[in-house]
Amino acid sequence: MADNPVRFGIIGCAGIARKLCRAIALAPNASLHALGSRSIEKAKSFAAANGLSGAVKLYGSYGDVLDDPLVDAVYLPLPTSLHAAWAVSAARRGKHVLLEKPTAVDAAELDRILEACEASGVQFMDGTMWLHHPRTEKMMEIVSDRGRFGELKSINSISMFAPSREFFEDNIRVQPDLDFLGALGDLGWYCIGAFLWAAGYKLPSAVSALPGVTRNSAGVILSCSAVLYWGSAHEMAATFHCSFLAHVSMDLAVVGSNGSLHLKDFTIPMEEGSASFEFTPSAKFVDLHIGWSVKPEKVLVPTELPQEALMIREFASLARGILDSGRSPESKWPEISRKTQLVLDAVKKSIDGGCILVRL
């Protein structure tokens, strides 16, 4: 561990917080200083269940974490409806903000968060872990190579899992007062983010939800699909499907004029120590169309740390630069979050309008 690690406080004991506790422990420049829950009993129970050090401060309220002067940064795995209030409060207290996705109920709320972070000079980042895996950088090397990959033409993604019956009864992601975006916010966020990543973060010109949206009895989205268009004549399109109702799948296909890239685990790699993807260059059909001229090339990318620990390491590095050297916060991360939120909002508007075309 570094001599002067960034000290994290975690606000909330959601299941994903278990993963981030481990990530903070693995990151060489971070340490877990405090954990806050709505009750001290729940904080103690979480700490015991996850083997947290006795040195970690346990608090029975979220506000106590923010009041701790030794906390440099906070991770907020709270229900989306609570993000704006607590992220703004954290920023105003000078804490760097790592916020779970989706970042807010809409772009207007996210803007409030980002304005507070900018005013206080603190770093903002959302918890999209796959962007920090070295596989992502390797894939971009290919996608941005106009000779090998060519011009971006099409992107397709699915993000799905089939949880237990208990999930549909009490999980925050299916409760309208906590996370009314449902599968769109939880899983569609990844698909939309992948499309923007592949397109160099150029916003689409329009989006449209597709028919067949499934909601629970409270109106929360359990399954939906949408298409994004780029260009005045819709020269490039990207289609996604996200669902809480199907077998776990995390596919991404990025197709160019000269090659195509495919992977089946883009949000969570199947193995922690490495991840792979397939690239098929300049494929054609052989004579009589009885096969392909080339086979996909499998590209294996090892990693020294799991992607969530790499995210913590990057975030802590940025925070430390601000704390020690007075550097300005890195603007790339809030910009990525805001563009993702804008597109997600447009998809939601299309769904609510009966799959209307929404222009951005």
Side-chain angles (χ1 to χ4, degrees), residues 5-27 29-68 70-87 89-91 95-104 113 123-132 161 163-164 166-167 170-175 178-179 185-187 189-190 267-268 272 305-316 319 337:
V6 168
R7 295 161 298 193
F8 277 81
I10 295 180
I11 294 181
C13 295
I16 189 66
R18 298 174 58 239
K19 188 172 186 175
L20 267 291
C21 285
R22 177 174 180 260
I24 292 168
L26 290 171
N29 57 348
S31 66
L32 181 58
H33 174 77
L35 170 74
S37 185
R38 289 171 295 175
S39 71
I40 190 63
E41 291 76 18
K42 188 172 182 181
K44 288 178 178 179
S45 176
F46 181 95
N50 292 280
L52 299 188
S53 165
V56 176
K57 301 292 185 183
L58 302 179
Y59 293 114
S61 78
Y62 300 157
D64 286 346
V65 177
L66 300 184
D67 290 337
D68 188 327
L70 296 182
V71 170
D72 300 313
V74 292
Y75 168 61
L76 296 98
L78 299 172
T80 307
S81 62
L82 301 181
H83 282 188
W86 287 106
S89 185
K95 314 299 186 185
H96 301 277
V97 177
L98 178 60
L99 184 62
E100 195 46 64
K101 35 62 58 182
T103 54
I113 296 170
Q123 184 64 52
F124 174 91
M125 182 185 288
D126 75 54
T128 305
M129 301 171 189
W130 74 273
L131 290 174
H132 302 269
F161 70 93
S164 66
E166 290 74 20
F167 176 93
D170 57 23
N171 193 274
I172 63 172
R173 286 169 283 184
V174 294
Q175 297 183 38
L178 298 176
D179 261 308
D186 186 40
L187 302 175
W189 179 276
Y190 290 124
T267 55
I268 301 176
E272 189 169 73
L305 291 170
Q307 59 185 12
E308 60 271 19
L310 293 173
M311 177 183 72
I312 292 293
R313 187 177 71 176
E314 169 68 8
F315 181 78
S337 300

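Just so it is clear, the model here is predicted, and its values are computed rather than measured. The basis for the numbers below is simple: all heavy atoms, side chains too, and nothing from hydrogens, waters or symmetry mates.
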Counting only heavy atoms not in Lys19, do more than 12 sit closer than 6.0 Å to its NZ atom?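 Yes, enclosed.
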Do [X] and [Y] have side chains that get closer than 4.5 Å, going by heavy atoms?
X	Y	result
Leu32	Leu52	yes
Ile16	Glu100	yes
Leu76	Tyr62	no
Ile172	Leu78	no
Leu20	Ile312	yes
Pro163	Asn171	no
Val97	Tyr75	no
Gln123	Lys95	no

What heavy-atom pair brings [X] and [Y] nearest, and what distance separates the two atoms?
X	Y	value
Asp186	Arg173	OD2-NH1, 3.1 Å
Ala34	Tyr59	CB-CE1, 3.8 Å
Ala316	Val6	O-CG2, 3.4 Å
Thr267	Gln307	O-NE2, 2.7 Å
Pro77	Ala17	CG-CB, 4.0 Å
Leu99	Thr103	CD2-O, 3.3 Å

Apply side chain to side chain contact (heavy atoms under 4.5 Å, CB included) to the pair Leu66 and Ile11, showing each step before the final yes or no. CA-CA 9 Å; Leu66 300 184; Ile11 294 181; 3.6 Å; yes
Taking the inter-plane angle between the rings of Phe315 and Phe8 on a 0 to 90° scale, is it parallel (under 30°), tilted (30 to 60°) or perpendicular (over 60°)?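 Correct class here is tilted.
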Please confirm whether the backbone N or O of [Y] pairs with a side-chain atom of [X], one donor and one acceptor, at under 3.5 Å?
X	Y	result
Asp72	Arg7	yes
Asp179	Thr80	yes
His83	Pro102	yes
Lys42	Cys13	no
Lys101	Trp189	no
Asp68	Leu70	yes
Ser31	His33	no
Glu314	His132	no
Asn29	Arg313	yes

Once you round to the nearest 0.5 Å, how far does [atom1] of [X] lie from [atom2] of [Y]?
X	Y	atom1	atom2	value
Ser89	Leu82	OG	CG	12.5 Å
Phe161	Leu187	CZ	CG	5.5 Å
Glu308	Cys21	CD	SG	12.0 Å

Quick one: are the ring centres of Tyr190 and Trp130 less than 6.0 Å apart?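 No, too far apart.
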Check the pair Leu98, Phe124 against side chain to side chain contact (heavy atoms under 4.5 Å, CB included), reporting the backbone distance first and the verdict last. CA-CA 6 Å; Leu98 178 60; Phe124 174 91; over 6 Å; no
